[in-house]
Amino acid sequence: MARFYITTPIYYVNDAPHVGHAYTTVVADALARWHRLAGDDVLFLTGTDEHGQKVAEAAARHGTTPQAWTDQTAARFHDAWDALNVDYDDFIRTTEPRHHETVQRFLSTIYDNGYIYKGLYRGLYCVSCEDYYTLEASAQGRCPVHGQLLTEMEEENWFFRLSAFEERLRDYYDQHPDFVTPETKRNEAYAFIAGGLKDISITRTSIDWGIPVPWDPAHVFYVWYDALINYLTAIGYGREDSSVATWWPVSHHLIGKEIIRFHCVWWPAMCLAAGLEPPHHVQVHGWLLVGGQKLSKTMAAEGAVRLTDIAPVTLIEEFGVDPLRYYLLRETALGNDGEFSYEGIIQRYNVDLANNLGNLLARVVRVVETKCAGLAPAPPALAELRAPAADAGARAREAWERFAPHAALEATWSLIGATNAFLERHAPWKMEPGGALEAVLGEALEALRIVAILVSPAMPAVSDEIWRRLGLAGSPTEAGLAGLAWGQSPGGARLEAGPALFPRIVSPS
RNA sequence: AGGGCCGUAGCUCAGUGGUCAGAGCAGGGGACUCAUAAUCCCUGGGUCGUGGGUUCGAUCCCCACCGGCCCUACCA
C-alpha cells in the first residue's frame, strides 16, 4: 500500500489564525484527503510552534506563564482547523514532552557527530526591531527597516556547522531534482547553497522559554531549531524508530515561500548531520496578496491592509466552509502568489459553485422528478459523457499527484461543463418518457456521481450532500478512486431536490 | 543595501527559441426555458513591464532600468 506523510509548518502561537494559515492548512488537508481517496495510508500533521522570546514576552504581558499562554493560543489553531473541516491525524505542540525528547535526541546525535561547537555570535542589534542584523543585511550599519544606527553586541552560543554541508546538499539536490518544487523555488534554494553557507547559531542564553541544550543547560535551542524537528517528533524519532522508517521516506513538507531557507537548506543539512536522509519532498507555495500587497503584520500595523486580521471564521460565516476551501484551492496555482479578494470569492462562488455545479444538480434532479417520478435511471454503458468523465478523473489524479489542486479542480469542472452542454444538446425536458429520456438523465446523474467523488478532497461536506441527494449508498470517500469508473450507479434511487446547494450571492457589499 | 522571484487581453492567471500567443471571468451577438435571471453556441485581437544585446528569428536567452514581492536570527 502506498503511503503519504504530509505536514504543514507549525504555526507560531503568537499569531491569530488568519487566511494565510488557512490557505496552507486547507491545501494540506485536500492533499491528504485525495490520498486517502486513493487508498493510501496517510499521516497528516499540523501543529503549533510555542517557544521563543516573543511567546515568553507575550505571556508576561498577559500576566501569565508561557505554558498557560500557549495552552490558550494553541487552542485557537485547532479550533480554526475544526471549523474548516480540516481532518488532521496529529496536532503537535512543541511544548509537549514527546517533542522535548525527540529534539534532545536528535540534536545530541548531531553534537556527537561533531557538527555542533561553541562559538561567539557577534551581531548588529536594532533596538526598535529587537533583532540582530548581519553587516551584509544592514544598510551601511543602519537598520534596513528603521534606518537607525545598529549597536554591536555579542553572545556566546552553540553553532551548527552548516558550512560542512554545502557539497552534500548540492549533491542531494543534483540527485533529487524533485526534492523542492516548483522548480523556481528549487533554483532559489540551490542558488543560496551554491552561494556559500555559513555556520549558524542555534542556541540562546538570553531566554529560557525553550528546550534546554542537554549538554549545556544554560542554553536553550533557538526556536527554529526545535521547530523543524517536529516533523520527526510526530513519527517517533528517538522513540519508535520503526515508525520513522515507515513515514520519513514518504514525507512531504508543505511550506510558504518565506521559509524556504529553513526547510530547504538548514533542515536537510540537520538531517544529514544526524545521519538521516533529508525529507523526501518540500512543496513551496506562494502568498495570498491583497491589492498587490502582502498580508503581513507589518502592513497591518501600518494600516495599509488588515487582512491578517481576517479570521477564517469570518469568511466561513459569510461564504460557508466548502466555498472558502474551494476558493483557496482553485484560485491560484500552488507555488505562485495569488490575489485574494472578496470579489474573487464571490465570483468563484457564483460562477463555479452556484451556476455550474449547484444549478446542474438542481436542473437534473428537477427533470427526473417531473419525468421519472423522482427515480434515478441507471447510466447507459454507451454514453457520451463516459470519455469526458474518464478524462476529468485522469487529469484530476495527475494534478493532485503533482500538488496542483487548482488543476485538479479545473479538470473536475470540465466534466461539469460537459454535462451542462450535454443537457442542452439533448434537452431531456422536451423528451417523451421512455428509454431515450432515461438514458440522457442516467448519464447526467452518473456524471454528477463522479463529480461528487472528484470534488470531495476540496469540499467534503458538499460532496457528501450531493451523494445523499442522488440517493446513493455509502459515501464518496468510501467509493474512492475505484468509484470513478463509469456505470456504478445501480439506478432506481429516489432523488432528493432540497434547497439550492449554493444560493447565489446577489448583492456583494 | 545585498541575494532571489515576478511583471502576458478590462480582471485573475496559463504558456512556448520560430506556422495566426492561450483559458476563465467580465463585455458583445444569438439560442433555449429543465434550472439558483441559471445553461448552451459564437465573438472580441493584448507594444507578452521599459531600453539595449545575443540569434537567421525572442514574449520565452543575456544585461540595465522601472515596478511588485520574498529572504537577510518573528512570520502560511
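In the text below, chain A, chain B and the rest are named by the order of the sequence lines, each starting its count at 1.
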Choose from [options] the nucleotide whose nearest atom is closest to any side-chain atom of [X].
{"X": "A:Glu331", "options": "B:rA76, B:rC25, B:rU12", "result": "B:rU12"}
{"X": "A:Arg261", "options": "B:rU12, B:rA35, B:rU72", "result": "B:rU72"}
{"X": "A:Lys257", "options": "B:rC69, B:rA76, B:rU36", "result": "B:rC69"}
{"X": "A:Lys185", "options": "B:rU36, B:rC5, B:rA35", "result": "B:rC5"}
{"X": "A:Tyr11", "options": "B:rC74, B:rA35, B:rA76", "result": "B:rA76"}
{"X": "A:Trp429", "options": "B:rC71, B:rC34, B:rC5", "result": "B:rC34"}
{"X": "A:Trp287", "options": "B:rC75, B:rC25, B:rC5", "result": "B:rC75"}
{"X": "A:Thr184", "options": "B:rC41, B:rA76, B:rC6", "result": "B:rC6"}
{"X": "A:Asn420", "options": "B:rC71, B:rC25, B:rU39", "result": "B:rU39"}
{"X": "A:Asn356", "options": "B:rU39, B:rA76, B:rU36", "result": "B:rU39"}

Between [N] and [M], how many Å separate the two [atom1] atoms, rounded to a whole number?
{"N": "B:rA9", "M": "B:rU55", "atom1": "C1'", "value": "29 Å"}
{"N": "B:rG24", "M": "B:rC60", "atom1": "C1'", "value": "23 Å"}
{"N": "B:rG10", "M": "B:rG45", "atom1": "C1'", "value": "14 Å"}
{"N": "B:rA23", "M": "B:rC65", "atom1": "C1'", "value": "32 Å"}
{"N": "B:rA35", "M": "B:rG27", "atom1": "P", "value": "24 Å"}
{"N": "B:rA38", "M": "B:rG4", "atom1": "P", "value": "49 Å"}
{"N": "B:rG51", "M": "B:rC56", "atom1": "P", "value": "23 Å"}
{"N": "B:rG17", "M": "B:rC61", "atom1": "C1'", "value": "8 Å"}

For [X], report the nucleic acid contact type (base, sugar-phosphate, nothing); a contact means any heavy atom under 4.0 Å.
{"X": "A:Asp352", "value": "nothing"}
{"X": "A:Leu360", "value": "nothing"}
{"X": "A:Ala500", "value": "base"}
{"X": "A:Asp337", "value": "sugar-phosphate"}
{"X": "A:Ile10", "value": "sugar-phosphate"}
{"X": "A:Gly338", "value": "sugar-phosphate"}

How do A:Phe502 and A:Asp49 order along RNA chain B: which one's closest nucleotide is nearer the 5' end?
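Upstream on the strand: A:Phe502.
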On RNA chain B, nearest-nucleotide positions of A:Thr203 versus A:Gln347: which is more 5'?
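Final value for this comparison: A:Gln347.
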Does the gap between the ring centers of [X] and [Y] come in under 6.0 Å?
{"X": "A:Tyr327", "Y": "A:Phe340", "value": "yes"}
{"X": "A:Trp158", "Y": "A:Tyr225", "value": "no"}
{"X": "A:Tyr173", "Y": "A:Phe179", "value": "yes"}
{"X": "A:Phe165", "Y": "A:Tyr115", "value": "yes"}

Whole-Å distance separating the [atom1] atom of [X] from the [atom2] atom of [N]:
{"X": "A:Ile416", "N": "B:rA38", "atom1": "CD1", "atom2": "C1'", "answer": "14 Å"}
{"X": "A:Glu410", "N": "B:rU12", "atom1": "CD", "atom2": "C1'", "answer": "12 Å"}
{"X": "A:Trp413", "N": "B:rC13", "atom1": "CH2", "atom2": "P", "answer": "20 Å"}
{"X": "A:Asn350", "N": "B:rA38", "atom1": "CG", "atom2": "C1'", "answer": "10 Å"}
{"X": "A:Ile255", "N": "B:rC74", "atom1": "CD1", "atom2": "C1'", "answer": "16 Å"}
{"X": "A:His406", "N": "B:rA23", "atom1": "NE2", "atom2": "P", "answer": "16 Å"}
{"X": "A:Leu357", "N": "B:rU39", "atom1": "CG", "atom2": "P", "answer": "12 Å"}

With a 4.0 Å cutoff (strictly under), does any side-chain N or O of [X] reach OP1 or OP2 of [N]?
{"X": "A:Arg504", "N": "B:rA38", "value": "yes"}
{"X": "A:Asn355", "N": "B:rU39", "value": "yes"}
{"X": "A:Trp224", "N": "B:rC75", "value": "yes"}
{"X": "A:Arg366", "N": "B:rA35", "value": "yes"}

Qualifying residue, where the test is salt bridge (charged side-chain N to carboxylate O under 4.0 Å, His left out) with A:Glu496 and the options are A:Arg469, A:Arg366, A:Arg468:
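Option passing the salt bridge (charged side-chain N to carboxylate O under 4.0 Å, His left out) with A:Glu496: A:Arg468.
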Which residue is it: A:Phe159, A:Phe160, A:Trp224? I am looking for the one with a side chain to side chain contact (heavy atoms under 4.5 Å, CB included) to A:Ile202.
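The passing option is A:Phe160.
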For [N], which nucleotide is its Watson-Crick or G-U wobble mate, given both distances must be under 3.5 Å?
{"N": "B:rG10", "result": "B:rC25"}
{"N": "B:rU39", "result": "B:rA31"}
{"N": "B:rA1", "result": "B:rU72"}
{"N": "B:rA64", "result": "B:rU50"}

More than 12 heavy atoms of other residues, nucleotides or ligands under 6.0 Å from CD of A:Glu398: yes or no?
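Yes, because the 6.0 Å sphere around CD of A:Glu398 holds more than 12 heavy atoms from other groups.
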CG (A:Asp208) with more than 12 external heavy atoms under 6.0 Å
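12 or below, so no.
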